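Every number for a ligand or one of its atoms is a count from 1 in the order of the listing. Just so it is clear, the model here is predicted, and its values are computed rather than measured.
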Amino acid sequence: MRIVVLAGGIGGARFLRGLKSAVPDADITVIGNTGDDIHLFGLKVCPDLDTVMYTLGGGIHEEQGWGRAGETFAVKEELAAYGVGPEWFGLGDRDFATHIVRTQMISAGYPLSAVTEALCDRWQPGVRLLPMTDDRVETHVLVDDPDGPPKGDAEGGGRKAIHFQEYWVRLRASLTAHAIVPVGAEQSKPAPGVLEAIAAADVILFPPSNPVVSIGTILAVPGIREAIADAGVPVVGLSPIVGGAPVRGMADKVLAAVGVEATADAVALHYGSGLLDGWLVDTVDTAAVPAVEEAGIRCRAVPLMMTDVDAAARMAAEALALAEEVRA
Ligand code: GDP
Ligand code: CA
């Protein structure tokens with residue numbers, strides 16, 4: 001069975017670990033979000049690709065859900081001693097090596113997809129990990145700028161766009177997000193292999209990744225959304241929203257920016273029946289099932305908390321079962 005999964009960081013990676021355990025013989029292609037990528041200290045950092053790679057390759061900091069296990073921070077401390085930041089982004093010594101190798105290869109002319117493949121040679125994630133695009137796409141968040149020109153001013157009405165990582169990590173999404181802008185997405189092209197994998201898939205899954213800044217960004221690369229909608233195979237998603245709140249993180253803040261309520265059914269309707277054939281909500285959201293089904297999306301309520309690999313594997317099995325149900 002050929003499975004294509006669109007993935008962000010933690011939610012995508014933990015789901016993928018369950019999927020691999022549920023169907024060890026499946027041929028899994030992951031289309032990873034690169035809108036979170038950021039250049040720091042002259043290095044290209046790809047947080048979501050690395051979270052998937054480290055999680056599936058056994059190198060992840062398990063409790064934290066991102067970064068390397070057994071990490072030390074000597075380089076960061078030395079940089080800080082020179083007064084060189086930002087200090088708010090946690091880059092450990094082991095992690096630095098990944099970004100150095102990546103940046104070196106990119107400087108030598110390799111596209112990100114080739115670099116990702118080379119990094120995966122070491123980690124052996126057991127899936128084919130593709131960046132959504134080899135082009136530069138950077139998610140920015142439009143927030144109020146207290147020091148900016150007054151509202152109504154042609155300069156932008158007292159708002160400014162900041163890098164997603166600054167909004168998420170430094171500000172912990174404490175400001176209202178007025179808009180989410182995947183800068184560069186419109187001009188980007190799917191990375192080699194992305195459209196081919198979608199066209200060859202038997203089933204396409206949306207893990208419980210962030211619907212706006214993870215899966216939404218992947219879908220913003222021209223051609224990907226259309227390819228999924230036209231693939232003619234079941235597309236099944238799992239809700240990252242449980243009981244009216246994200247299980248982890250601040251997805252509600254970016255959902256609000258696109259006018260979507262932080263509920264399991266609102267997220268399904270946001271993707272829409274043009275894209276989704278099936279949707280899983282948590283058992284605490286059983287009441288949301290009818291609204292999703294009325295929208296033309298087959299919906300089931302099952303436990304959706306990835307407390308361990310087995311729990312994630314059961315979720316993956318439920319998603320595949322729902323895919324077979326809609327296929328029939
Ligand atoms: P990020 O890039 O690291 O933020 O990771 P993703 O976009 O892949 O996933 C983030 C989403 O995963 C958040 O919106 C969480 O609500 C969701 N999430 C994390 N753990 C769980 C879980 O155990 N169950 C469900 N249903 N969602 C989860
Ligand atoms: Ca991310």
Side-chain angles (χ1 to χ4, degrees), residues 5-19 30-38 45-56 60-67 89-90 129 131-132 137-141 163-169 172-173 180 182 205-219 236-258 260-268 270 279-285 288 300-316 318-319:
V5 181
L6 271 50
I10 300 180
R14 289 191 173 163
F15 175 77
L16 282 162
R17 198 159 54 176
L19 180 65
V30 179
I31 302 173
N33 172 41
T34 58
D36 291 15
D37 294 6
I38 184 166
V45 180
C46 302
D48 285 358
L49 293 180
D50 289 350
T51 294
V52 170
M53 185 173 78
Y54 293 156
T55 301
L56 300 185
I60 197 78
H61 185 303
E62 197 58 51
E63 296 72 43
Q64 200 169 253
W66 53 270
F89 201 87
L129 177 60
M132 64 189 197
V137 176
E138 247 177 42
T139 303
H140 286 204
V141 181
H163 191 285
F164 171 72
Q165 297 296 356
E166 187 178 354
Y167 180 73
W168 204 251
V169 180
R172 305 297 305 160
I180 310 295
L205 301 178
F206 293 1
S209 281
N210 190 306
V212 182
V213 294
S214 292
I215 295 183
T217 311
I218 300 170
L219 294 171
V236 172
L238 300 92
S239 179
I241 304 293
V242 171
V247 175
R248 194 186 163 121
M250 296 87 54
D252 48 326
K253 297 298 179 68
V254 290
L255 280 166
V258 296
V260 177
E261 237 186 301
T263 62
D265 46 319
V267 172
H270 170 62
W279 185 245
L280 294 178
V281 301
D282 189 84
T283 45
V284 305
D285 294 313
R300 297 284 175 271
V302 300
L304 287 190
M305 298 301 276
M306 298 187 282
T307 43
D308 54 25
V309 177
D310 288 342
R314 285 191 291 273
M315 286 164 53
E318 291 284 2

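Taking every non-hydrogen atom of Arg248 and a distance limit under 4.0 Å, the qualifying atoms of ligand 1 come out as 13 (C), 14 (O), 15 (C), 16 (O), 19 (C). Near Ser214, meaning under 4.0 Å from one of its heavy atoms, ligand 1 places the atoms 2 (O), 6 (P), 7 (O). Of all atoms in ligand 1, numbered sequentially from 1 with element shown, those under 4.0 Å from a heavy atom of Leu304 are 22 (C), 23 (O), 24 (N), 25 (C), 26 (N). Close approach of ligand 1 to Asp48 (heavy-atom distance below 4.0 Å) involves ligand atoms 2 (O). Heavy-atom proximity to Ile10, at under 4.0 Å, picks out these atoms of ligand 1: 1 (P), 3 (O), 5 (O), 8 (O). When each atom of ligand 1 is checked for a heavy atom of Asn210 under 4.0 Å away, the hits are 6 (P), 7 (O), 9 (O), 10 (C), 11 (C).
Looking at atom 12 (O) of ligand 1, its nearest protein heavy atom turns out to be Pro208 O, 2.8 Å.
Residue contacts with ligand 1: Val242 is placed with no nitrogen or oxygen under 3.5 Å of a nitrogen or oxygen of the ligand (distance criterion only). At least one N or O atom of Gly12 sits closer than 3.5 Å to an N or O atom of ligand 1. Residue-to-ligand polar distances keep Ile241 apart from ligand 1: every N/O pair is separated by 3.5 Å or more. Between Ser209 and ligand 1, at least one N/O pair is under 3.5 Å apart. Polar contact check, Gly11 against ligand 1: a nitrogen or oxygen pair lies under 3.5 Å apart.
Under 4.0 Å from ligand 1, the heavy atoms of Ala251 that appear belong solely to its side chain. The proximity of Pro246 to ligand 1, defined as any non-hydrogen pair under 4.0 Å, involves the side chain as well as the backbone. By the criterion of a heavy-atom distance under 4.0 Å, neither the backbone nor the side chain of Ala7 is placed next to ligand 1.
Our summary of the site lists the angle at the Ca ion (ligand 2) between OD1 of Asp48 and OD2 of Asp36 as 100°, to the nearest 10 degrees.
The main-chain N or O of Ala245 is never found under 3.5 Å from a side-chain atom of Asp252 such that the two would form a donor-acceptor pair. Looking at His270, its side chain never comes within 3.5 Å of a backbone N or O of Val212 through a donor-acceptor pair. In this structure, the side chain of Asp282 does not engage the main chain of Asp285 through any donor-acceptor pair within 3.5 Å.
The structure places CG of Leu129 at 8.0 Å from CG of Leu56, a figure rounded to the nearest 0.5 Å.
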Open item on the list: If you apply the rule side chain to side chain contact (heavy atoms under 4.5 Å, CB included), what do you find for Trp168 with Asn210, and how did you get there?
Closed with: CA-CA 12 Å; Trp168 204 251; Asn210 190 306; 4.0 Å; yes
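Not a single protein heavy atom sits closer than 4.0 Å to atom 4 (O) of ligand 1.
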